[in-house]
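Note that this is a predicted model, so its numbers are computed, not measured.
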Amino acid sequence: MSRRRWIGIAVAALAVPVAAGFGFVVAVDNLMSGFGACRVVRQRAFASPSGSKLVVVVWKSCGATVPDSTQASIIARGRTFSPESTPTFLSVRGHLDVVVAWSSERAVRIGFIPGPDQIYKRDQRAGDVAINYE
C-alpha cells in the first residue's frame, strides 16, 4: 500500500473522532445555554389617560437558581416591549397581580395582590412619570 493511501486513511480515521467531539461540544453548549435563559410572559398593559404611555407588567422565570419575579416597565404606545432593552422601574419576588391606576399622564399608582414579600427594585420615577406605591 502506498504512503499516500496510508496518510489518507489516517486523516480519515482522525477526522471522525474530531467531528464527533466538535458535535458533542456544540450539543452541550446549546443545552447549557438553555439553563441560563429566562422566560418572560407579558401579563397586562395599562394605558395612561391619553393612551400615549403603557405600564407593561411581566412575569419572569429564570429556572431553579433564580427566584421568579414580577416586573413593570413604562413604554410609549406604539413601541415594542423588549425585556432586554426596556428598563424596569419595579421588580418584586414571585408572580403577583399588579394593580395600576394612572392619576394623570405623569403620575401612576401601583399596588399588589398579595403584597410582595421581597422588593428587588422600586423606583420613584420612570422618565417623566412619578410612581406612587400602595
Can you tell me which residue pairs pass the salt bridge (charged side-chain N to carboxylate O under 4.0 Å, His left out) test with a partner in residues 73-100, sequence neighbours excluded?
none
My understanding is that a hydrophobic cluster links ILVMFWY residues whose side chain heavy atoms are under 4.5 Å apart, including indirect links. Using that, what else belongs to the cluster containing Val99?
Ile113
Could you walk me through whether Val108 and Tyr133 pass side chain to side chain contact (heavy atoms under 4.5 Å, CB included), step by step?
CA-CA 9 Å; Val108 66; Tyr133 297 93; over 6 Å; no
Report yes or no: do Ile75 and Val40 belong to one cluster of Ile/Leu/Val/Met/Phe/Trp/Tyr joined by side chain heavy-atom distances under 4.5 Å?
yes
Separation between NZ (Lys60) and CD (Gln71), nearest 0.5 Å, reads 5.0 Å
Sub-3.5 Å donor-acceptor pair from the side chain of Ser69 to the main-chain atoms of Gly94, do we have one?
no
Which atoms form the tightest heavy-atom contact between Leu54 and Trp102, and what is the distance?
C-CZ2, 4.3 Å
Please answer: with hydrophobic residues joined when any side-chain heavy atoms are less than 4.5 Å apart, are Leu90 and Val129 in the same cluster?
yes
Can you pull the side chain to side chain donor-acceptor pair (under 3.5 Å) pairs that have at least one residue in residues 37-48, sequence neighbours excluded?
Ser48-Glu105
Are Phe89 and Ile110 packed together at the side-chain level, in the sense that at least one heavy-atom pair is separated by less than 4.5 angstrom?
yes
Pairing residues for Trp59 by the ring-ring contact (aromatic ring centres under 6.0 Å, His included) criterion, not counting sequence neighbours:
His95
Given 3.5 Å as the limit, does a donor-acceptor pair link the side chain of Ser61 with the main chain of Gly63, or not?
no
Do Ile74 and Val56 belong together in a cluster built from hydrophobic side chains that touch within less than 4.5 Å?
no
Any residue meeting side chain to side chain donor-acceptor pair (under 3.5 Å) with Asn132, in chain and number order, not counting sequence neighbours:
none
Which atom pairs, one a donor and one an acceptor, fall under 3.5 Å between side chains of residues 119-126 and the rest of the protein, sequence neighbours left out?
| from | atom 1 | to | atom 2 | distance (Å) |
| --- | --- | --- | --- | --- |
| Lys121 | NZ | Thr88 | O | 2.7 |
| Arg125 | NH2 | Asp128 | O | 3.2 |

Keeping Thr70 on the side-chain end and Leu96 on the backbone end, is there a donor-acceptor pair under 3.5 Å?
yes
State, with a plain yes or no, whether a side-chain heavy atom of Val41 is found less than 4.5 Å away from one of Val58.
no
